[in-house]
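Some notes on the structure that comes next.
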Amino acid sequence: MPDSRYSDLDRPPLSEAALNRALVHPGSLWTGVSVVESTGSTNADLAEAARQGAEEGRVLVAESQVAGRGRLGRTWTAPPRSGLTVSALLRPQVPIAAQGWLALLYGVAAASAVRRLAEVDVRLKWPNDLLIGERKLAGILAERAEDAVIIGMGLNVSLKPEELPVETATSLAIEQAACVDRDPLLRAVLREVERHYRDWSEAGGDADACGLRAAYQASSATIGRQVRIELPGDQVLSGQATGIDQAGHLQVTANGQRHTLSAGDVVHVRASS
């Protein structure tokens, strides 16, 4: 049965029932996990659900995503069940100014979970990528939908070299990771996100008080590097990335001056050494 969702034994489907049993329980952040065969964009679907009043903690996973979007509207696709394409609906009760940390929080949590299970050295490229070495393993996108924030992640799990969307990408399989089973990986990521989100929420969004900024900087592949930053209007800023400020913005020193950049200011960040 070539059309069966079980036809590729190396890429078994996720079980919605098993994920809900593992993740949804009284007191949990997660209130429901839905797994769909295919959709245009999990972020867009959850944003619509948020506008219709969906509760915090909804998670949507797509086995195949045909209109996946990255930052600045960039598109990406992957073979069905070759990765984790997942979005979560959050309704943070912290000041708006602190909510820029949510994508970074998700990155810290995902990197920690993947490092632990897959036993690979995952690092964070500001603002929204997970790297192994210089290659992209995952991307994260946070979008606002009224008073909710939708955070999506695309994580390459079993992609083969010939399936990579760009040659600068990688996957857990290519990196010979200890775990390439999407079910435990997804559980671990969502549990880690819940832990960091609770700590951050209880601290009123203060990334220093809950240890988030320190955790992010400790996992950063950007800080301390010479970087070349492409800005809108074909402008370029070259300098040393020196840190992340209290709002989650990147600090770069160039020609003796400190520049502070938000994710919305930046087209590309590239290491230049």
Side-chain angles (χ1 to χ4, degrees), residues 2-16 19 33 35-45 59-88 103 106-107 109-125 127-141 151-190 192-193 219 221 268 270-271:
D3 294 333
S4 166
R5 58 204 293 263
Y6 292 94
S7 59
D8 188 340
L9 298 181
D10 290 330
R11 292 173 174 166
L14 291 166
S15 166
E16 181 178 287
L19 289 167
V33 181
V35 179
V36 297
E37 277 299 300
S38 179
T39 191
S41 161
T42 53
N43 261 30
D45 291 351
V59 176
L60 177 62
V61 187
E63 299 286 38
S64 174
Q65 184 170 248
V66 297
R69 291 171 297 123
R71 217 169 54 85
L72 304 179
R74 300 174 185 130
T75 59
W76 62 271
T77 58
R81 302 185 301 283
S82 64
L84 283 173
T85 304
V86 55
S87 294
Y106 200 111
S112 174
V114 173
R115 270 197 300 271
R116 189 173 71 252
L117 264 69
E119 299 176 16
V120 288
D121 187 19
V122 183
R123 297 284 157 179
L124 300 167
K125 176 187 172 185
N128 67 333
D129 290 345
L130 274 62
L131 304 181
I132 296 178
E134 299 295 327
R135 296 183 176 273
K136 181 174 176 176
L137 178 70
I140 294 167
L141 179 65
I151 308 181
M153 179 181 72
L155 172 71
N156 299 330
V157 178
S158 65
L159 280 170
K160 302 164 187 168
E162 64 272 17
E163 294 173 326
L164 294 174
V166 291
E167 60 184 24
T168 52
T170 192
S171 72
L172 291 177
I174 289 169
E175 300 294 335
Q176 300 182 317
C179 177
V180 291
D181 185 336
R182 294 182 306 146
D183 180 279
L185 286 165
L186 179 56
R187 296 183 194 198
V189 168
L190 290 175
E192 198 78 6
V193 169
S219 291
H268 274 296
R270 303 186 192 282

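None of these values were measured; they are calculated from a predicted model.
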Euclidean distance, K125 NZ relative to E134 CD, rounded to 0.5 Å:
9.0 Å
Sub-3.5 Å donor-acceptor pair from the side chain of N156 to the main-chain atoms of T170, do we have one?
yes
If you compare all heavy atoms of L164 against all heavy atoms of A169, which two are closest, and at what distance to 0.1 Å?
CD1-O, 3.4 Å
From N43 CG over to I140 CD1, what is the distance, rounded to the nearest 0.5 angstrom?
11.0 Å
Heavy-atom distance under 4.5 Å between the side chains of V86 and T42, does that happen here?
no
Any side-chain heavy atom of D45 sitting closer than 4.5 Å to one from S87?
no
Quick one, L137 and V114 - any side-chain contact, counting heavy atoms below 4.5 Å?
yes
Side chains of D10 and V180 in contact at under 4.5 Å (non-hydrogen atoms)
no
Just so I know, are the side chains of I174 and I132 near enough to count as touching, which here means a heavy-atom distance under 4.5 Å?
no
What is the minimum heavy-atom distance between S219 and R115, and which atoms define it?
OG-NH2, 3.3 Å
Within-4.5 Å side-chain heavy-atom neighbours: V189 and Y106:
yes
Return the minimal non-hydrogen interatomic distance between R11 and P80, and the atom names on each side.
CD-O, 3.9 Å
When you look at L19 and V59, which way does the side chain to side chain contact (heavy atoms under 4.5 Å, CB included) test go after all the steps?
CA-CA 10 Å; L19 289 167; V59 176; over 6 Å; no
To the closest 0.5 Å, what do you measure between CG (L190) and CD (E192)?
11.0 Å
Could you state the interatomic distance from NZ (K136) to CG (N128), rounded to the nearest 0.5 Å?
6.0 Å
Which atoms form the tightest heavy-atom contact between A221 and R123, and what is the distance?
CB-CB, 3.6 Å
Please find the pair of heavy atoms, one from L130 and one from A110, that lie closest to each other, and give the distance.
CD2-CB, 4.0 Å
Evaluate the side-chain proximity of P184 to L117: yes if any heavy-atom separation is below 4.5 Å, no if none is.
yes
Separation between OG (S15) and CZ (R182), nearest 0.5 Å, reads 11.5 Å
Closer than 4.0 angstrom, basic N to acidic O: yes or no for E175 and R135?
no
Return the CD to CG distance between E63 and L84, rounded to the nearest 0.5 Å.
9.0 Å
Shortest non-hydrogen contact from D129 toward G139:
OD1-CA, 3.8 Å
Scan side-chain atoms only and decide if T85 and Q65 contain a donor-acceptor pair under the 3.5 Å cut-off.
no
Note, C179 side chain near L172 side chain (heavy atom, < 4.5 Å)
no
